[in-house]
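The structure appears below as C-alpha cells.
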Amino acid sequence: MFPYPSAEGLHVGNMYAFTGADIYGRWKRLTGEQVFEPIGFDAFGIHSENFALKSGTHPMELIPSNIRNFTRQLTRIGAMYDWNHVVDTTDPAYYRWTQWLFLQLFKAGLAEKKEAPVNWCPSCHTVLANEQVIAGECERCGSTVEQRVLSQWFFTITDYAQRLLDNLKWIDWSDSTKKAQENWIGRSEGAEIWFQIDTPWEAEAGSEVAQAVDEARQYHREHPEDGEFDQILSVSVFTTRPDTVFGATFLVLAPEHPLVEWITTPECKAEVEAYRERAAAMDLVSRKKTDKEKTGVFTGAYAINPATHEPVPVWIADYVLMEYGTGAIMAVPGHDERDFEFATQFGLPITRVIAGAGDDSTSPMTEAFVDEGVLVNSGEFDGTPSLAAISKITGWLEEAGFAERRVNYRLHDWCISRQRYWGPPIPIVYCDACGTVPVPEDQLPVVLPHVDNYKPDESGVSPLARVESWYRVPCPECGAEARRETDVSDTFLDSAWYFLRYPSANCDDVPFRADITKQWLPVDMYIGGEEHAVLHLLYSRFITMVLKDLGHIDFEEPFLRFRKHGLLIKEGSKMSKSRGNVVIPDQYLEEWGADTFRTYLMFLGPYQEGGDFRDQGLQGPFGFLHRLWDTVLPVEALGTGAPSGEVEQKLHATIRKVRDDIANLSYNTAIAAMMEYLNVVRAGNRKVNRGEVEPLVVLVAPFAPHMAEELWQQLGHDASIFTGSNWPAHDDARATADTVEFVVQVNGRVRARMAMARGIDQDAAHAAALADDNVRKHLEGVQVRKVIFVPDRLLNLVVG
RNA sequence: GCCCGGGUGGUGAAAUGGCAAACACGGCGGACUCAAAAUCCGCUGCCGGCAACGGCUUGUGGGUUCGAGUCCCACCCCGGGCACCA
C-alpha cells in the first residue's frame, strides 16, 4: 500500500508495513521468481490540504517537497523498490487516467448526480466526514455542525453489493478483513410489506394532495391492471421479521420521507413541520446516536395492518433513517428494543406475538422479547415456531398482494464529490443546451489550476467555483458557453486503481497496457493495515469489477492474496503526536543501520498481530547480525568440510522453518530459528565451515539485505545475492535428528526424559522407561492400567 | 448492543491436544581490563530442598480427555471495528 506523504515524514508504522512486504518480495526473488515491488505516493486529499492551509504553504509546493523527503527516507529502509515505476496521484500524467476512469463509469451509467445530506461546518466552511464530527461539533474549531443538502456525484457501488459479497468466499484474504467487508456490505434478507393508508380526513379541496390523489384515482380507473393507486396511498416498509407483523402496532417514517407531506392531517401539520425542521438541522452523527432519547410526532394518519386489518397510527421519528430500506418501518414494540422504547415513551400499544419458554399469549411485556419462540396472538399462525413463520407469513402476505421478498444492503452508494481544492477535477461540463456533458477523453487531463486562495468558504461549493477563468469553457458538444464541474473527486478514487497503473507507469497513451497488465496483474500479494479493511479495499474491488465488465481487463479481483499486518505500539501505548512517543525511523536508521532496524521490527512480535516497540529490544537483532558477521569473516578462516552431525540436521531444519515462516509472514519465529542455528554453529567455540554459514547468509538476506550482499561478495560471488535463485535446498530426511528426547509420564506427570533412537517401538520404549529409577519409584505399589504411546514423543503410564 | 482480535515469567514473546516459557531483552555472577564500554561464559517462572527431587503455574469458574495455554460451556478484563441498518 502506497503511503500518504505527510509533512512529518515517514512514520515507523509505514516502515513496518513496507519491511514486511519487502521481506516477502525478496524471499520470492531468492527462490528465483520475478518480483515487481513498486512504490508511490497517495498525495491528494483533505489531509494535505488542511496541513497546507495551516502551514501557509501551497499544496503544489508542499507535496513535491514532502515527496522528496519521503523518497529520501524510503531509499534508506532497504526495500527493493522499482524506482522507474513510481506513481504520484497528484501528477497530471496520473490523474488524467483517474478522470478517464470517472468517464468510463459515467458512460456505463454507474456515475450519477443526486442530492445528499452532508455535515457542514459553518465556521470552517466545509463539508465534514462523519469521522470529523465529534459530539455534534467540528473536530477542528468546535462549532456546531449543521446538515446541508448538496448535489453530489455518486458511484452506484450498491449494484455490485452481492458480487462484492460473493467473491469474498474465494479470495485469499485475512479472515478479519473479509469479515469487516461482509459487515460493511451488511446483507439482510426480509420482506417489503405494504400498509395501506386509511385516510381519516378529506384533503383540502384544491390542495396539492387532493389533486394528486384525484389524479391517482383517475389513473387507477383507466389502468386497473397496474395497481398504482395502492402504491401511492400505501406505506412500504422493510423488515427482517415478517413473523412479527401481527404485533406491528404503529408505523414510523423517517422525517424526510416524501409521503409525510401527503398524509399529515391539518391538525398535526404544525408539529410535524417543526419536527422535520429540527431533524434537518441536526448533524448526521448525533442523529444516529443510539443512546439519545427517542423523539417523534404523530402525523394524524392511520394505516391498515395487512395481517390484522386493524388501523395503526403513523408517526415520524429520527431513529428511522431515510437512506436504509424504504425509509419507513413497521414498529413491533413487543419484539424490537427501539420500538419498545418508543412505544413506552409515547404510550403506544405493545402486543406480544411471540412467546418464549414459560410465556403465554397474555404474559405481560416489560421489555422487548427479541429471541426465537412460538407465535401467539397471530391468528391462524398461532403455535408456529417464529423462525418457520418468517417464510410462511411472507408467503401468505405475498399471495394477498401485500408483500414481496427483498434483500437489503447496508452499503451506500459511494459519494465521490468533494467541495475542496486538492484533488482531480471531475471531468464534466454543464451546458444549458446539452445538459451534463463528459469532457472528451482526448481533452484530458482537466488540469487543476494553481489557485492562490484555495480556502473553502461558506458557499458550500468548491474553491474552483471562484475561478471564473477556469470554469467558463465552451461546451464540448455545441460550443456554447458552458461551465465546468467545480468539485474534485475523492482521494479514495485515486487509490482505487493505482495498482493497475504501476507496471504501466511510463505509458503515456493508455492508463494500463494490456500486455503488461496481463503479465503482472492481478496483484499476487498485497500487505497493508487493517484500517483500510473497508474503504480502500472495497473501492478497489469495485473498480476492478467495473473495469472487467467494461472489457478493459480480464480479472475481477485486484488482490488475490491480502494479508493485514498488526499495529505497532510504543512501550504499551499507542503512538501519537500528543503523547510525543512517535518513532521516527531516521534516527534509528542512523544509529543502528537499516539491517538491524528492519530485523528488529520483524522480530518484536508476530507481524500479523503487531507488537510493542522498545528501544532496548534492538540489542538482540544487533548482536545476532554482528555475530553472524564475525562468524563468516574473514572468509579465509572458514573450514571447508561439509556440514555434518547436529549442525547439518539443524541447518536443514532451519532452512525449512525459515521458508515456511516467511511464507506465513511469521517473521519473528523465522528470525528466532536463524538465531538458534547460529548459536548451534558457534557453540563451544568450534571451527566453523563455510558450508554451514553460506546458506545462513541467504536466509538472512530478506531481513538484512545490505549485510547479506556484502558477505555474499566476500564469499566470492560476483553477482548480487538476489540474482538467480540462491535460496538453499533442504532435505527433509536430514532435517530430523536420529535421536529424540523421549518423555515418560506417570499419570500425565513427567517422571523422566531420555534420549531414544527415532522410530523406537512401544515395547522398547516401555522397557527403557521401566529401567529408569525415578519412573520405578512412582510405579511402586500401584498397578499400570493403561499405556499411552505417542511415537517419538512420549509414553504415559496410567496407574490407579 | 453486535462482529473481530487478545489475556502466558521482571519485559517483548514461543508452543500440529503430548516436556509451558523457544528466541531475545533486562537482571545477577564470572572472564578480559588499572577502570569502564564492547565482547565472551554461566545462572535466571514461583515455592520447598545442600542436592536428588517434589509441589505450584498460561485472566476466572466449570467440563471433555490418559493428557488442555490449545477443544467445549459460562463469565471477567484489554485492544480494534461497526452501530437507532428495522
Side-chain angles (χ1 to χ4, degrees), chain A residues 174-180 182-184 186-188 190 237-241 244 252 287-292 294 317-321 323-332 335-339 341-342 370 408-412 530-531 533-534 564 566-567 569 571-572 574 600 603-606 608-624 626-627 630 666 668-679 682 684-685 741-753 773-774 777-778 785-790 792-800:
Chain A
S174 294
D175 284 337
S176 58
T177 312
K178 290 209 262 189
K179 199 78 195 163
E182 192 184 315
N183 290 343
W184 187 265
R187 179 191 157 99
S188 343
V237 304
F238 174 74
T239 180
T240 55
R241 297 292 306 274
T244 63
V252 188
R287 161 143 178 203
K288 292 184 183 177
K289 273 267 186 291
T290 48
D291 49 3
K292 191 177 63 135
K294 294 267 181 299
D318 65 6
Y319 81 94
V320 175
L321 309 173
E323 69 261 28
Y324 185 77
T326 61
I329 60 159
M330 63 173 204
V332 185
H335 305 282
D336 180 282
E337 278 160 21
R338 297 152 300 180
D339 299 343
E341 198 191 322
F342 192 83
V370 296
N408 250 312
Y409 301 92
R410 180 168 23 215
L411 183 69
H412 293 337
E530 185 77 331
E531 70 273 16
V534 281
K564 59 131 202 191
L567 189 70
I569 56 171
E571 274 146 23
K574 210 169 164 169
Y600 172 60
F603 182 62
L604 56 72
Q608 295 188 71
E609 281 160 45
D612 196 355
F613 187 98
R614 280 163 200 260
D615 287 5
Q616 271 183 339
L618 281 142
Q619 204 58 242
F622 180 82
F624 164 64
H626 274 259
R627 278 192 293 281
D630 289 342
S666 301
N668 56 333
T669 51
I671 294 165
M674 291 187 282
M675 288 172 165
E676 248 181 276
Y677 174 64
L678 186 62
N679 289 345
R682 288 166 57 97
N685 221 358
E741 204 185 3
F742 198 86
V743 168
V744 181
Q745 298 182 331
V746 177
N747 271 1
R749 316 196 73 116
V750 179
R751 296 306 178 191
R753 297 153 212 260
D773 286 348
N774 200 38
K777 204 172 84 192
H778 284 92
R785 296 193 183 280
K786 194 170 174 182
V787 179
I788 307 286
F789 175 70
V790 182
D792 293 334
R793 281 189 188 272
L794 64 75
L795 188 77
N796 186 10
L797 304 171
V798 185
V799 300

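Everything numeric in this text was worked out from a predicted model, so none of it was measured. Lettering of chains follows the sequences in order, A, B, ..., and the numbering in each one begins at 1.
A gap of 14 Å separates the P atoms of B:rG62 and B:rA68, to the nearest Å. Between B:rA22 and B:rU58, the two C1' atoms lie 15 Å apart (nearest whole Å). Separation of the P atoms belonging to B:rC72 and B:rG6 is 13 Å when rounded to the nearest angstrom. If you take atom P in B:rA21 and the same atom in B:rC46, they sit 14 Å apart, rounded to whole Å. Taking the C1' atom of each, B:rA31 and B:rC77 are spaced 48 Å apart, rounded to whole Å. For B:rU44 and B:rA24, the C1' atoms lie 14 Å apart once the distance is rounded to whole Å. Atom P of B:rA52 sits at a distance of 38 Å from the matching atom of B:rC34, rounded to the whole Å. B:rG9 and B:rC25: their C1' atoms are spaced 13 Å apart (whole Å).
Phosphate contact (OP1/OP2 of B:rG81, side-chain N/O of A:S176, threshold under 4.0 Å): absent. Phosphate proximity of B:rC19 to A:N796: absent, as no side-chain N or O sits under 4.0 Å from OP1 or OP2. Distances shorter than 4.0 Å separate some side-chain N or O of A:R751 from OP1 or OP2 on B:rG54. Within the 4.0 Å cut-off from OP1 or OP2 of B:rA38, not a single side-chain nitrogen or oxygen of A:H626 is found. For B:rA22, neither phosphate oxygen OP1 nor OP2 lies less than 4.0 angstrom from any side-chain nitrogen or oxygen of A:N668.
The separation between A:N183 atom CG and B:rG80 atom C1' is 13 Å, rounded to whole Å. The CG atom of A:D792 sits 13 Å away from the C1' atom of B:rG18 (whole-angstrom rounding). B:rU39 atom P lies 10 Å from atom CG of A:D630, rounded to whole Å. In this structure, A:N685 atom CG and B:rU39 atom P are separated by 16 Å, rounded to whole Å. The distance from atom NZ of A:K179 to atom P of B:rG81 is 18 Å, rounded to the nearest whole Å. Atom NZ in A:K574 sits about 14 Å away from atom C1' in B:rC78, given to the nearest Å. If you take CD of A:E337 and C1' of B:rA86, they are 12 Å apart, rounded to a whole angstrom. Atom-to-atom, CZ of A:F624 to C1' of B:rU39 comes out at 17 Å; the value is rounded to the nearest Å.
Atom NZ of residue A:K777 and atom CZ of residue A:R751 lie 8.5 Å apart, to the nearest 0.5 angstrom. With values rounded to the nearest 0.5 angstrom, A:H412 atom NE2 is found 4.5 Å from A:E323 atom CD.
Across B:rG18, B:rA86, B:rA24, the shortest atom-to-atom separation from the side chain of A:M675 is found for B:rA24. The side chain of A:V798 lies closest to B:rC66 when the candidates are B:rC66, B:rC82, B:rC23. Distances were taken from every side-chain heavy atom of A:W184 (C-beta onward) to each of B:rC82, B:rC19, B:rG12; the shortest belongs to B:rC82. Of the candidates B:rG18, B:rC23, B:rA14, B:rG18 carries the atom nearest the A:I788 side chain, counting heavy atoms from C-beta on. Taking every side-chain heavy atom of A:R749 into account, B:rC56 is the closest of B:rC3, B:rC56, B:rA22. Checked against B:rG6, B:rC23, B:rA86, the side chain of A:L321 finds its nearest nucleotide in B:rA86. For A:K786, the listed nucleotide lying nearest its side chain is B:rC66; candidates were B:rC66, B:rA13, B:rG12. Looking at the side chain of A:Q619, the nearest of the listed nucleotides B:rC25, B:rG18, B:rC23 is B:rC25. Distances from the side chain of A:E676 to the nucleotides B:rA22, B:rC4, B:rG18 place B:rA22 closest. Of the candidates B:rU16, B:rC19, B:rC23, the closest approach to any side-chain atom of A:Q745 belongs to B:rC19.
Judged purely by atom type and a 3.5 angstrom limit, A:N408 has no side-chain atom pairing as donor or acceptor with the backbone of A:S188. Panel note: side chain A:Y600, backbone A:F613; no donor-acceptor pair is recorded below 3.5 Å. Not one N or O on the side chain of A:T244 forms a donor-acceptor pair closer than 3.5 Å with the backbone of A:V332. No donor-acceptor pair closer than 3.5 Å links the side chain of A:S174 to the backbone N or O of A:S176.
At the heavy-atom level, A:F603 lies under 4.0 Å from base atoms of the strands shown. Using a 4.0 Å heavy-atom cutoff across all strands shown, A:V534 reaches no nucleic acid atom at all. Residue contacts for A:L794: at a heavy-atom cut-off of 4.0 Å it reaches a base atom on one of the strands shown. Heavy atoms of A:P621 sit nowhere under 4.0 angstrom from any nucleic acid atom. At the heavy-atom level, A:N679 lies under 4.0 Å from the strands shown only through sugar-phosphate atoms. A:H335 comes within 4.0 angstrom of no nucleic acid atom, judged by non-hydrogen atoms across all strands. At a threshold of 4.0 angstrom between heavy atoms, the contacts of A:G748 with the nucleic acid are absent. Nucleic acid contact class of A:R614 (heavy atoms, under 4.0 Å, all strands): sugar-phosphate only. Residue contacts for A:E323: at a heavy-atom cut-off of 4.0 Å it reaches no nucleic acid atom on any strand shown.
Side-chain contact check for A:D339 versus A:I329: some heavy-atom pair is nearer than 4.5 Å. Using a 4.5 Å heavy-atom threshold, the side chains of A:N747 and A:V798 count as touching. For the pair A:V743/A:R793, no side-chain contact is recorded, criterion being any heavy-atom separation below 4.5 Å from C-beta on. A heavy-atom distance below 4.5 Å is not found between the side chains of A:L678 and A:M674. In this structure, A:Q745 and A:V750 have side chains that are in contact, with non-hydrogen atoms separated by less than 4.5 Å.
For the pair A:F622 and A:R753, both in contact range of RNA chain B, the more 5′-proximal nearest nucleotide belongs to A:R753. Remark on RNA chain B: of its neighbouring residues A:D612 and A:G325, the 5'-side contact belongs to A:D612, judged by nearest-heavy-atom nucleotide.
Using cut-offs of 30° and 60° for the angle between ring planes, the A:F342 and A:Y319 rings count as tilted.
Across A:L604 and A:G611, no two heavy atoms sit closer than the pair CD1-CA, 3.7 Å.
Qualifying side-chain contact (heavy atoms from CB on, under 4.5 Å) partners for A:E609, counting only residues two or more places apart in sequence or in other chains: A:P606.
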Nucleotide N/O to protein N/O under 3.5 Å, stretch nucleotides 40-49 of chain B:
none

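Listed by first residue number, the stems of RNA chain B with at least three Watson-Crick or G-U pairs below 3.5 Å are B:1-7 with B:76-82, B:10-12 with B:23-25, B:26-31 with B:39-44, B:45-48 with B:53-56, B:59-63 with B:71-75.
Taking the syn range as angles within 90° of 0, the glycosidic angle of B:rG55 is outside it, so the base is anti.
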